[in-house]
Amino acid sequence: MSSVLDRPSTAAAGPRPAPPRRRTRILALPEARWALAALVLFLAALPLHLLDASAWLWGPLFAAVYVTGGWEPGWEGLKALKDKTLDVDLLMVVAALGAAAIGQVLDGALLIVIFATSGALEAVATARTADSVRGLLDLAPETATRLADDGAEETVPAGSLAVGDVVLVRPGERIGADGRVLDGASDVDQATITGEPLPVAKQPGDEVFAGTLNGSGALRVKVERDPSESVIARIVAMVEEAAETKAPTQLFIEKIEQRYSLGMVAATLLIFLIPLLMGSDLRSTLLRAMTFMIVASPCAVVLATMPPLLSAMANAGRHGVLVKSAVVMERLGRIDAVALDKTGTLTEGTPRLTDLRPLDGSGLDEDGLLRLAAAAEHRSEHPLARAVVDAARARDLDLPAVSDFSSAPGTGVTATVDGRAVTVGSPARLLDDPAHPAAVLAAALEEEGRTAVVVTLDGRPAGVLGIADRLRPEAIAATRALAELTGRAPVLVTGDNPRAAARLAAEVGITDVRAGLLPQDKVAAVHELQNGGAKVLVVGDGVNDAPALAAAHTGIAMGRAGSDLALETADAVVVRDELATVPAVVNLSRRARSLVIQNLVVAGAFIAVLAVWDLAGTLPLPLGVAGHEGSTVLVGLNGLRLLADGAWRRAHPDVR
């Protein structure tokens, strides 16, 4: 009677295709539809207004702009008033209506379009984050094969598995629940959970995680956690919790928004009511009050704040860093501690052949050893095999034909090459004598943080290969630059083993190493730094980094190979995986904040002069509008200085 472990499976040919992403369409969001309608109507009305067409032509179009773009922020502002909060969006709607009341219809409509578009972008960002969290659940399979006591198989929903159930995981399938291996051997790719760059050999007694991908062997797994308590489910919960509880960081000018807005509203009402009660005529009193509202509007200050941040965002985008909002750009300049992931962040995330050690007496040189190993590994899909084959191709070696190829999970591959039996695999499985020269070489390589692979020829060890994830060329310079910016060396937080983490940390100059971490452990490390008063920047790339990215003051994801969840959760994305751009964008953010302060001084001076003029004398409305708009143009031009490539070079002289 054959074992269920030996039965063929259609999944054995390879991993199942990933399920399609569930992504919210932009126009499915009401905020986006209303903002688009307002923009289209504004663009239709603008040429008619500029060409002095009849007001009967452009008037209804502008009115529709006010309705489509302004009703939602206005309604939200009214609901905020019910909670005794003065929403700046409501003030913008009021200011826009006030501008229209005194003939500045175009200015008011432009304000409406700007704020409607801003609200739509925020709604899109929120929806995409929710999509990515839901998409994470697709990592866990919908069904699992449960084994009864008599060995019968039953396909059940993975969510219905209970602690104590035994499930069969065939080759190429995703594991349906957290548990422990009872029988079988395989290599499991658990990068989504731990971030380890290489599959991990699993045998009876080893722990496995839901959502991780089984290799070429079959496993019987005993469920040890309820599906709702699995590591992958806890990642989802941590990301959602961080999104809900992380206090929304505002631009620092918004910290005084409530007081300023309340003061401006109160002043406007007094300027209107007191003269009116003293006998002034309605039109001149209303005109003075509306002029005051326009020149003292917080919109001018907010717009004075945005150009430097938006310019810095555009400059960073041209150099491969996507910063998702002006709030993030402002926040980046405040970080004073950095936590770096290892695999895919400081390293390239792809294993590379680093060492070729043929044994004395084998009759092989480096090329000969590599040629035999690559020929045997050529048919294997294991990442270590790909590293060996890629190294052979890089040396332009001709690989001979092979026969009798076989692969044993957790052991390695065997093939006949040039009439000789070649085996490539784990030292622990192929070497019995720890004093053998091959075992000594393998131990030395592993001590240096490499993965050792033994090559045997006709049953006798012929050499040892060393394989490791390669450090990014700019990692040392980037780590040093981040240390200079924050005044402290970064912290390394990784799910990889402590030995490999310590070796890499020594290369880049990091002394605080936290290895073997699961996603919740990374979050705990971030919270520990934050509890010490630090504003933490987390840089990572994987699903296992997403909770830490969400919990941090600011998160940056490596974009080229980053997981969807990490890219959506992070506040910024390094599109081309150039680690050196991380300190550059932090420094650029600090320069942008300096320009923001300059602009606020200029904008505040204009507001003060114009407001005093309106109160102490008679400020003509056109002059008030010109002064208000002129100050906005002035600070805008000042902020545009950060668009120049020279601003990027000054932000980080080492970045070319």
Side-chain angles (χ1 to χ4, degrees), residues 14-15 171-172 185-192 194-203 206 212-217 342-344 347-358 364 366-367 369-395 397 399 402 405-415 417 422-431 438-439 441-457 461-471 494-497 499-501 503-504 542 561:
S186 186
D187 293 318
V188 176
D189 181 354
Q190 53 189 38
T192 53
T194 66
E196 292 174 282
L198 299 173
V200 179
K202 298 292 183 180
Q203 54 189 356
D206 290 339
T212 55
L213 184 63
N214 187 26
S216 57
K342 172 184 170 287
T343 305
T347 68
E348 295 177 346
T350 304
R352 308 278 185 179
L353 184 69
T354 58
D355 299 86
L356 281 166
R357 305 285 180 86
L364 298 174
E366 289 188 359
D367 283 354
L369 177 64
L370 180 57
R371 178 175 174 273
L372 290 176
E377 294 274 30
H378 189 262
R379 297 183 184 179
S380 174
E381 292 299 319
H382 196 285
L384 291 180
R386 290 196 293 271
V388 173
V389 174
D390 288 345
R393 287 173 176 163
R395 294 192 178 205
L397 299 181
L399 303 185
V402 302
F405 173 84
S406 64
S407 175
T411 299
V413 301
T414 299
V417 183
V422 177
T423 300
V424 185
S426 165
R429 304 293 177 89
L430 299 181
L431 300 175
L441 275 176
L445 288 173
E446 290 175 347
E447 189 64 31
E448 295 174 1
R450 289 156 171 73
T451 298
V453 177
V454 172
V455 181
T456 69
L457 191 60
V464 181
L465 311 180
I467 299 174
D469 188 8
R470 191 164 59 186
L471 189 69
T494 177
D496 210 348
N497 66 79
R499 190 165 49 193
R503 179 190 62 82
L504 180 133

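Worth knowing before you read on, the calculation uses all heavy atoms, side chains too, and leaves out hydrogens, waters and symmetry mates. Along the sequence shown, the residues carry numbers beginning at 1.
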Considering all heavy atoms of both residues, which atom of [X] and which atom of [Y] are nearest to each other, and what is their separation?
| X | Y | answer |
| --- | --- | --- |
| D189 | T212 | O-CB, 3.5 Å |
| A376 | V402 | N-CG1, 4.4 Å |
| T456 | L430 | CG2-CD1, 4.4 Å |
| L399 | A392 | CD2-CB, 4.1 Å |
| A373 | V424 | CA-CG2, 4.0 Å |
| P351 | A387 | O-CB, 3.4 Å |

Pairing residues for [X] by the side chain to side chain donor-acceptor pair (under 3.5 Å) criterion, not counting sequence neighbours:
| X | value |
| --- | --- |
| T414 | T423 |
| S380 | none |
| E446 | none |
| R470 | E348 |

Flag side-chain contact, heavy atom, 4.5 Å: [X] against [Y]:
| X | Y | value |
| --- | --- | --- |
| V453 | V388 | no |
| L370 | L397 | yes |
| D355 | L353 | no |

What residues, two or more places apart in sequence or in another chain, satisfy side chain to side chain contact (heavy atoms under 4.5 Å, CB included) together with [X]?
| X | answer |
| --- | --- |
| L441 | R357, L359, V464 |
| A468 | T354, R450, R503 |
| E447 | R499 |

So K342 and T347, side chain to side chain contact (heavy atoms under 4.5 Å, CB included) or not? Walk me through it.
-> CA-CA 6 Å; K342 172 184 170 287; T347 68; 4.2 Å; yes
Give the intermediate values and the outcome of side chain to side chain contact (heavy atoms under 4.5 Å, CB included) for residues V188 and V200.
-> CA-CA 5 Å; V188 176; V200 179; 5.5 Å; no
Mind checking what makes salt bridge (charged side-chain N to carboxylate O under 4.0 Å, His left out) contact with D367, not counting sequence neighbours?
->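 D367 satisfies salt bridge (charged side-chain N to carboxylate O under 4.0 Å, His left out) with R395 once adjacent residues are dropped.
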